[in-house]
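Below you'll find the structure, written out as structure tokens, and then a few comments.
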Amino acid sequence: MLTKFKKKLSRASLFLSDFKPILLSHHPNCEMYSKHVYHIGKYKLCIGCFTFYPTIILTIIITLLFVDLTPQTIILIFNISYLFFAPLILNILGYTKYKFLKVFSKVSLGIGIGLYLIAIFSLPFHPIFKILTLFEVNMFIGIIAYIRAKHIKKDCAQCEFQGDWDRCPGMKPIRDKLYAHGFRHKSPDST
């Protein structure tokens, strides 16, 4: 049993090491995506993730430290949280191609979700209801992920490699490792 677990853990570690070049950036390593990441030394960090998630955590910490969570305040926080979801429209309309608007959108959404989570878990609802409300948060994150995937596809279509990640210099090294380690299999017509 322990040997089987060690094998699975080793396999998961190998999978993550194959993705190491894009593990923190979540975008192909090419010029087309240089505006989608923060450049910190040799590292590339996804603007969305490294803005959005820390903002959620900071919002929760600051609110818990500095806001008196009375029932009225919690209801107010709940209602205000939805205002911070408005920049989702920037994503839908494609304006987040501008770095400033992308960062603004992620900060606003992070604050909104942080406030929403505080309100939901502070209100006297049944724990099952509180857990079910997390699906609403997942819906917002899912919408953002869907929009991001569409934009990645669109950006790749404008490149000379047309999204063929087996030829793309930004993704080929990763794909080659995934093939070599058996995580992906080449289709018979892609030789």
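For clarity, every value in this text was computed on a predicted model and none was experimentally measured.
Nearest heavy-atom pair, Y179 versus H185, reported as atom, atom and distance to 0.1 Å: CE2-C, 3.7 Å. The nearest pair of heavy atoms linking L115 to S81 is CB-CB, 3.8 Å. Considering every non-hydrogen atom in both I75 and L123, the closest pair reads CG1-CD2, 4.2 Å. Between P87 and S105 the shortest heavy-atom distance is O-OG, 3.6 Å. Across every non-hydrogen atom of F161 and C168, the tightest pair is CG-CA, 4.0 Å. Minimum interatomic distance between G110 and T59 (heavy atoms only, all atoms of both residues): O-OG1, 4.1 Å.
A chain of hydrophobic side-chain contacts below 4.5 Å, direct or via other Ile, Leu, Val, Met, Phe, Trp or Tyr residues, connects F84 to L134. In the hydrophobic clustering of this structure, W165 groups with M32; members are Ile, Leu, Val, Met, Phe, Trp, Tyr whose side-chain heavy atoms approach within less than 4.5 Å, directly or through other members. Grouping the Ile, Leu, Val, Met, Phe, Trp and Tyr side chains by contacts below 4.5 angstrom, directly or via other members, places F129 apart from F135. Both I120 and I80 belong to a common hydrophobic cluster when Ile, Leu, Val, Met, Phe, Trp and Tyr are linked at side-chain heavy-atom distances under 4.5 angstrom. Cluster membership check: F125 shares its hydrophobic cluster with L76, using side-chain heavy-atom separations under 4.5 Å among Ile, Leu, Val, Met, Phe, Trp and Tyr.
A distance-only check finds a donor-acceptor pair linking the side chain of K130 to the backbone of F121 [under 3.5 Å]. A donor-acceptor contact shorter than 3.5 Å is absent between the side chain of S13 and the backbone of L9. With hydrogens and angles disregarded, a donor-acceptor distance shorter than 3.5 Å links the side chain of T73 to the backbone of D68.
Taken from NE2 in H36 to CD1 in I47, the straight-line distance is 8.0 Å, to the nearest 0.5 Å. Taking CD1 of I118 as the start and CD1 of I56 as the end, the distance is 11.5 Å to the nearest 0.5 Å. Distance check: I113 CD1 to T55 OG1 gives 10.5 Å after rounding to the nearest 0.5 Å. The CG atom of L88 sits 9.5 Å away from atom CG of L93, with the distance rounded to the nearest 0.5 Å. To the nearest 0.5 Å, the span separating CG on L117 from OG on S122 amounts to 10.0 Å. Here CG of N138 is found 10.0 Å from OG1 of T133. Values are rounded to the nearest 0.5 Å.
Using a 4.5 Å heavy-atom threshold, the side chains of L14 and K177 count as separate. Two residues are said to be in side-chain contact when any heavy atoms from C-beta on lie closer than 4.5 Å; H27 and V37 meet this criterion. Annotation: side chain of F15 is in contact with side chain of L178 (closest heavy-atom distance under 4.5 Å). Taking the side chain as every heavy atom from C-beta outward, C46 and L24 never approach each other to under 4.5 Å.
Atom OH of Y146 is surrounded by 12 or fewer heavy atoms from other residues, nucleotides or ligands within 6.0 Å. Counting heavy-atom neighbours within 6.0 Å of F104 CZ, excluding the residue itself, gives a total of 12 or less. Atom CD of E31 has 12 or fewer heavy atoms from other residues, nucleotides or ligands within 6.0 Å. More than 12 heavy-atom neighbours from other residues, nucleotides or ligands sit within 6.0 angstrom of NZ on K99. Heavy-atom contacts from other residues, nucleotides or ligands closer than 6.0 Å to CD1 of I89 number 12 or fewer.
When each of V67, I62, I61 is tested with L65 by the rule side chain to side chain contact (heavy atoms under 4.5 Å, CB included), just one qualifies, namely I61.
Between the side chains of Y43 and S25, no donor-acceptor pair of N or O atoms lies under 3.5 Å.
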Tell me, with the steps shown, if C156 and Y33 meet side-chain contact (heavy atoms from CB on, under 4.5 Å).
-> CA-CA 9 Å; C156 283; Y33 293 96; 3.1 Å; yes
Criterion side-chain contact (heavy atoms from CB on, under 4.5 Å) on L64 and L69, from CA distance to verdict: CA-CA 8 Å; L64 291 175; L69 295 176; 3.7 Å; yes
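Geometrically, R11 engages F183 in a cation-pi contact, judged by NZ or CZ lying under 6.0 Å from the ring centre and within 45° of the ring axis. By the 6.0 Å and 45° rule, K44 does not stack over the aromatic ring of Y38.
Every residue meeting the salt bridge (charged side-chain N to carboxylate O under 4.0 Å, His left out) condition with R167, not counting sequence neighbours, appears here in chain and number order: D164. Partners of F78 under the ring pair (Phe, Tyr, Trp, His ring centres under 6.0 Å) rule, at least two apart in sequence or in another chain, are Y82, Y116.
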